[in-house]
Amino acid sequence: MSPATIRMQSLVGREVARFMKIKRQTLGAPLLETFLYISVFGAALGSRIHTLHGYRYIVFVLPGLIMMAFATNAFTNNSSSILQQKFTHAIDDQLSSPASPLELLLGFSLGGFIRGLVVSLIAYVVAGLLVGEPVREPLVLIPSIVLVGMFFSQAGVLVGVRAQQFDDVALYQTFVIQPLIFLGGVFYSASLLPQPWGTLTRFDPIYYMIALVRYGFIGFHETSIAISFLALAVITFALFGFNLWVFTKGRYLRT
Amino acid sequence: MPAALAIRDLYKRYPTGVEALKNVSLEIPEGAFFGLLGPNGAGKSTLIHCTTGLARPSSGSIEVFGHDAVDHYQKARVGVGLAPQEINLDMFLTVEQVLDYHGGYFGMSRRDRAARIKELLEAFSLEEKRKDATRFLSGGMKRRLTLARALMHNPPLVILDEPTAGVDIELRLELWRYIERVNTEGTSIMLTTHYLEEAERMCDRIAFINHGEIVAEGTVPELTAHYGVATLEDAYLALVGREELARA
């Protein structure tokens, strides 16, 4: 095994070891949150709304909930992990190693990606058993959800690297990511919104992510899948490229 | 034979405008035990951070065993082990994991890591704590682990930034015994410390740094002769302009 492979394994291994060490908080809490959403929206609201665009309400909202679990966990994990390591200077151990900027970026990114994947997979398997959620378009679903995970992993890395205090991380999570996810149509269809909200929703990038994931699961779409996928791929790789530049220059990490 | 560490015309200017290092040139021969002494804020830690990649120099060059440590740094970084002044252990990991991941970051194979961890845990009397989380260790244990981590990947140059700060006498003697052994076996050491008697006893050569500049360098007799005083402590006091504190 090459030294570069060993370095990558160790960088990712450290990130996984961190979230496994506090798994009640990093895996248990988000799973509980997802199941609370499913219970409330499936059992309570679902009994009133019945169907949306011909789909059972819970079947319609579940793709968005699974995507939300992936996105928030990938973001939170990476931003918190990097900020904690910056506070304690433990990050100096990785920064003073021979790891290249690309290896460091991938190492820090993949921890959150794996955590998001684990939470969303468990949520899907359990919810799938309870609700019978289909997967109509796996060839769209898999690359789309991978891109969503990558995008939020990169966003988490960028926020963690720039953050000076925990409040900075909470600020993005509470005032940017969570509202955009909620307003992106996790719990409803944008076409049912009155104007101007229906149009405004289309300026929310997360609307297109939810659209892709929903199409992958149940085959429903109200926007172009090809354009949404292309746009998601472009912004994900653009963010990755920007982060790689940040790591190469050592901005915010090296003095 | 290339020097363990060769620094030439190094400048470090922070975005705030503070010039932390000014035209620093320094050479540590292979196998040397080299002391870098100076008051707080003199530039010692900045120099160490530039050498280990934690800070980017504004200009100048740094080479570790002939390998560039600034731009094409991979070979240079493998050659350096750092025990920082501030304990910076990963609070989510156990003692064993700290060493294991560190070895991994430096590309050591699983087998080499396992063998080296066993050796270091024995050498630093940490075997019983191997499964303990670092956040539950005493201050002395954390200091031992920090030093063990610096030595984990068998670096030929070890940088010790005040390694015995806040350490009790027995542990200090234990640490020095191990570091002396490592030096005797061929590892080059760069040490910063505020304990001048330690520097005097251990170091072959010493450099004084103040206000970001190397102001004197040599053996202890050379430094005392340079300042026209009897002891290293007096030479240091002359460096910082506090001769009135001399004990003689």
Side-chain angles (χ1 to χ4, degrees), chain A residues 1-26 77-78 80-108 110-111 115 246-255, chain B residues 12 14-16 18 20 45-46 48-57 67 69 71-82 84-94 97-113 133-135 146 149-150 152-153 155 159:
Chain A
M1 201 181 288
S2 74
T5 312
I6 296 171
R7 278 199 296 274
M8 274 305 304
Q9 274 185 355
S10 301
L11 290 164
V12 177
R14 185 268 161 202
E15 293 302 312
V16 173
R18 187 197 80 93
F19 77 67
M20 289 306 288
K21 190 78 74 181
I22 46 172
K23 51 184 170 294
R24 271 182 299 188
Q25 181 196 332
T26 54
N77 187 83
N78 291 352
S80 305
S81 174
I82 293 174
L83 183 59
Q84 278 163 352
Q85 291 187 81
K86 277 167 54 178
F87 263 139
T88 58
H89 291 280
I91 201 167
D92 291 356
D93 203 24
Q94 289 100 309
L95 295 179
S96 60
S97 78
S100 68
L102 178 64
E103 288 166 357
L104 287 170
L105 174 57
L106 288 175
F108 287 128
L110 284 171
R115 176 174 148 190
V246 167
F247 273 70
T248 305
K249 292 287 174 194
R251 293 286 296 272
Y252 314 114
L253 287 173
R254 304 178 200 270
T255 54
Chain B
K12 173 62 187 174
Y14 286 108
T16 53
V18 172
S45 293
T46 303
I48 289 170
H49 288 173
C50 286
T51 304
T52 52
L54 298 176
R56 285 190 66 83
H67 301 294
D71 293 318
H72 308 286
Y73 53 76
Q74 289 205 318
K75 285 183 180 165
R77 296 257 179 97
V78 175
V80 185
L82 170 65
Q85 183 180 340
E86 200 177 317
I87 302 274
N88 66 343
L89 297 169
D90 193 325
M91 64 183 190
F92 291 101
L93 303 182
T94 63
Q97 283 175 318
V98 164
L99 298 176
D100 191 45
Y101 285 123
H102 178 90
Y105 302 152
F106 283 78
M108 292 173 77
S109 71
R110 190 185 295 267
R111 183 183 292 180
D112 289 349
R113 297 202 302 265
T134 59
R135 61 184 182 278
T146 305
R149 187 185 59 186
M152 175 68 196
H153 59 284
I159 299 179

Just to be sure I understand the criterion: a residue of residues 83-92 of chain A counts if one of its heavy atoms is under 4.5 Å from a heavy atom of chain B. Which ones qualify?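 Only A:Gln84, A:Gln85, A:Thr88, A:His89, A:Ala90, A:Asp92 of residues 83-92 of chain A have a heavy atom under 4.5 Å from chain B.
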For chain B, which residues from residues 5-12 of chain A have at least one heavy atom closer than 4.5 Å to it?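 Heavy-atom contacts from residues 5-12 of chain A to chain B are A:Ile6, A:Arg7, A:Ser10, A:Leu11.
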Rounded distance (nearest 0.5 Å) linking atom [atom1] of [X] with atom [atom2] of [Y]:
X        : Y        : atom1 : atom2 : result
B:Tyr105 : A:Glu103 : OH    : CD    : 12.5 Å
B:His49  : A:Thr255 : NE2   : OG1   : 7.0 Å
B:Gln97  : A:Arg14  : CD    : CZ    : 10.0 Å
A:Ser97  : B:Tyr73  : OG    : OH    : 8.0 Å

Has B:Arg77 got a side-chain atom pairing as donor or acceptor with A:Ala99's backbone, closer than 3.5 angstrom?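 It does not hold such a pair.
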Okay, B:Lys75 and chain A: the region with an atom under 4.5 Å from a heavy atom over there is neither
Look at atom CZ of B:Arg135 and say whether more than 12 heavy atoms of other residues, nucleotides or ligands are closer to it than 6.0 Å. yes
Below 4.5 Å from any heavy atom of chain B, which atoms of A:Ser100 appear? Answer side chain, backbone, both or neither. both
Taking C-beta and beyond as the side chain, do A:Lys21 and B:Thr94 meet within less than 4.5 Å on heavy atoms? yes
Is there side-chain contact between A:Gln94 and B:Tyr101, with at least one heavy-atom pair below 4.5 Å? no
Counting heavy-atom pairs closer than 4.5 Å to chain A, which one of B:Val98, B:Leu54, B:Thr52 comes out on top?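 Going by pairs under 4.5 Å, I would pick B:Leu54.
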